A.B. asks: 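If you scroll down you'll find the structure; I have some questions about it.
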Amino acid sequence: MPTRTADRRPRLTRVDGPEELRRRCDRIRAAGLSLGLVPTMGALHAGHRQLIQRSRAECDRTVVSIFVNPTQFGPAEDFDRYPRPLDTDLAVCTELGVDLAYVPSDAVMYPEGFSTRVNPWGALAETLEGARRPGHFDGVATVVTKLLVTARPDRAYFGHKDAQQCAVVRRLAADLDTGTEIVVCPTVRDADGLALSSRNARLDAAERLQALAIPAALAAADAAFRLGERDAEAIRDLVLRRLAESPGLAVDYVAVVDAETFLPVTRMHVRCEILIAARIGRTRLIDVLTPGTDERLAVGVGG
Ligand code: PAF
C-alpha cells in the first residue's frame with residue numbers, strides 16, 4: 001500500500017520583528033540556501049506576484065516584506081488612505097509559496113528615538129520624483145537599507161514601473177556594499193495597457209479611460225523610436241501632445257533620461273527611459289518605458 005508522503009510545500013511564516021527575521025534568514029543562509037527579498041507596501045497585485053514568482057524561481061527561499069512605510073510619504077500624500085488588506089496579502093503569499101512574510105509595525109520599524117536616515121543625493125535622487133516629493137527617496141532608501149541589513153538577501157526584486165526608485169536602490173546597494181543583487185522586473189500592465197499600481201483602484205471608470213493616454217503616449221514614443229527618431233525633445237513633444245488629448249489628465253512631468261544617472265539626454269540611446277508622471281483627479285500615476293525593448297509586451301492579468 002503506498003505510504004502518504006508529507007506535504008513538502010513550504011508554509012508561510014509571519015515574522016513581526018527584525019531579530020526574528022535576522023535569525024530565520026541567517027538559518028537559511030547557514031543551510032547553504034539562497035534568499036530572495038521582495039519589499040512591498042502590501043495591497044499585492046499582479047505586479048507583485050510577478051516579483052514573488054521571479055524570486056521563487058531564482059532563489060531557494062523568499063521573504064516578502066509588507067510595510068506601508070510612513071517616512072516615504074509627504075505630509076500631503078496618501079499615507080492614511082493607502083490600502084492595507086493584510087489578510088488578502090498573506091493569502092497571496094501563501095498561495096505563491098512565500099517562506100517568510102515580514103510584517104513589522106511602525107513602532108518596530110521606527111522605534112522611539114530613531115534618528116538615522118539614509119540620504120541618497122545627486123541628480124539621481126533629487127530630480128523628478130525626488131524634486132516633487134521631498135524626502136521620498138530618503139524614506140525609501142532608509143527602509144530598504146534596513147531590510148537589506150536585516151535579511152541580507154542574495155537578491156532583492158523591484159518593479160520597473162518605479163524606475164527612479166530602482167535606480168536609487170541599485171545605487172545604494174552598490175554604494176553601501178550590501179552584496180545584494182538588485183533585480184528589476186518588467187512593468188506588468190492590465191489588458192488595456194495601464195501599468196499596475198495599488199493606486200489604480202482609486203480611479204473611477206471615466207478617470208481610468210483618461211489614464212489610458214499614459215500607456216498610449218509611451219507606445220507612440222516607442223513606435224517613433226523604432227522608426228528611427230533619436231531626438232529626445234521630439235520624443236518628449238510627441239508624448240506631451242498625446243497626453244494633451246486627455247483633458248482630465250494633468251501632466252506633472254515627461255522626461256527622457258539616462259536610466260542610470262537620471263540626467264536628461266538630448267540623443268536617445270539604448271539605456272534611455274521615457275518617464276511620465278500625471279494626475280487624474282486625486283490620483284497621481286507614474287509610468288516608464290525603455291524604448292525599443294519588449295517591455296511594453298509585459299501585459300499581466302490585472303488585480
Ligand atoms: O515600491 C514600494 O512598494 C516601496 O517604495 C518599497 C520599495 C517597498 C519601500 O517601502
Side-chain angles (χ1 to χ4, degrees), residues 15 18 21 36-52 54-55 62-74 77-86 88-90 92-93 98 100-106 108-110 114 116-120 124-125 128-130 132-151 153 155-173 176 178 180-188 195-202 275 277 283-288 303:
V15 177
L21 180 65
L37 166 71
V38 183
T40 81
M41 297 205 299
L44 303 181
H45 52 60
H48 297 111
R49 282 174 178 265
Q50 185 210 53
L51 304 182
I52 293 170
R54 178 94 178 257
S55 173
T62 290
V63 51
V64 173
S65 63
I66 300 174
F67 178 63
V68 184
N69 176 33
T71 64
Q72 69 187 74
F73 288 78
E77 292 184 14
D78 55 355
F79 176 70
D80 291 331
R81 289 189 299 136
Y82 202 86
R84 291 166 170 83
L86 183 59
T88 311
D89 288 342
L90 292 174
V92 170
C93 289
V98 170
L100 302 174
Y102 182 44
V103 192
S105 65
D106 291 5
V108 163
M109 198 55 115
Y110 299 114
F114 188 91
T116 301
R117 196 169 55 198
V118 179
N119 167 226
L124 182 53
L128 303 172
E129 292 302 298
R132 276 141 187 102
R133 305 179 67 188
H136 172 67
F137 286 127
D138 287 2
V140 170
T142 302
V143 81
V144 169
T145 300
K146 281 170 71 76
L147 294 169
L148 295 181
V149 164
T150 309
R155 301 185 189 87
Y157 294 83
F158 295 83
H160 187 216
K161 183 180 77 66
D162 298 304
Q164 197 170 0
Q165 168 172 282
C166 291
V168 166
V169 168
R170 235 186 346 240
R171 192 70 251 173
L172 90 78
L176 302 182
T178 60
T180 298
E181 179 191 347
I182 303 302
V183 182
V184 176
C185 301
T187 303
V188 178
L196 293 192
S197 160
S198 308
R199 292 185 168 107
N200 292 356
R202 299 209 202 107
L275 307 159
T283 309
R284 185 172 184 273
L285 299 177
I286 59 173
D287 203 346
V288 59

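From a predicted model like this one, the values you see are computed outputs, not experimental measurements. Sequence positions, counted from 1, serve as the residue numbers for this chain. Note that ligands are numbered from 1 as they come in the structure, with each ligand's atoms numbered from 1 the same way.
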A.B. asks: Considering the heavy atoms of P39, write down every atom of ligand 1 situated less than 4.0 Å from one of them.
C.D. replies: 8 (C)
A.B. asks: Run S55 and V98 through side-chain contact (heavy atoms from CB on, under 4.5 Å) and show every step you take.
C.D. replies: CA-CA 9 Å; S55 173; V98 170; over 6 Å; no
A.B. asks: Would L172 and L148 satisfy side-chain contact (heavy atoms from CB on, under 4.5 Å), going step by step from the backbone distance to the final call?
C.D. replies: CA-CA 10 Å; L172 90 78; L148 295 181; 4.3 Å; yes
A.B. asks: Could you see which bit of V169 sits under 4.0 Å from ligand 1, with heavy atoms only: side chain, backbone, both or neither?
C.D. replies: neither
A.B. asks: Hey, what do you get for OG1 (T40) to CG (N69), rounding to the nearest 0.5 Å?
C.D. replies: 11.5 Å
A.B. asks: Quick check on contacts: which atoms of ligand 1 are under 4.0 angstrom from a heavy atom of T40?
C.D. replies: 8 (C)
A.B. asks: For ligand 1, which atoms sit closer than 4.0 Å to a heavy atom of V143?
C.D. replies: 9 (C), 10 (O)
A.B. asks: Report, in ascending order of atom number, the atoms of ligand 1 lying under 4.0 Å from any heavy atom of Q165.
C.D. replies: 1 (O), 2 (C), 4 (C), 5 (O), 7 (C)
A.B. asks: Identify which of Q72, H136, M41 has a heavy atom lying nearest to atom 10 (O) of ligand 1.
C.D. replies: Q72
A.B. asks: If you take all heavy atoms of Q50 and P186, which pair is closest and at what distance?
C.D. replies: OE1-O, 3.2 Å
A.B. asks: Honestly, is R132 close enough over F137, meaning NZ or CZ under 6.0 Å from the six-membered ring centre and within 45° of the axis?
C.D. replies: no
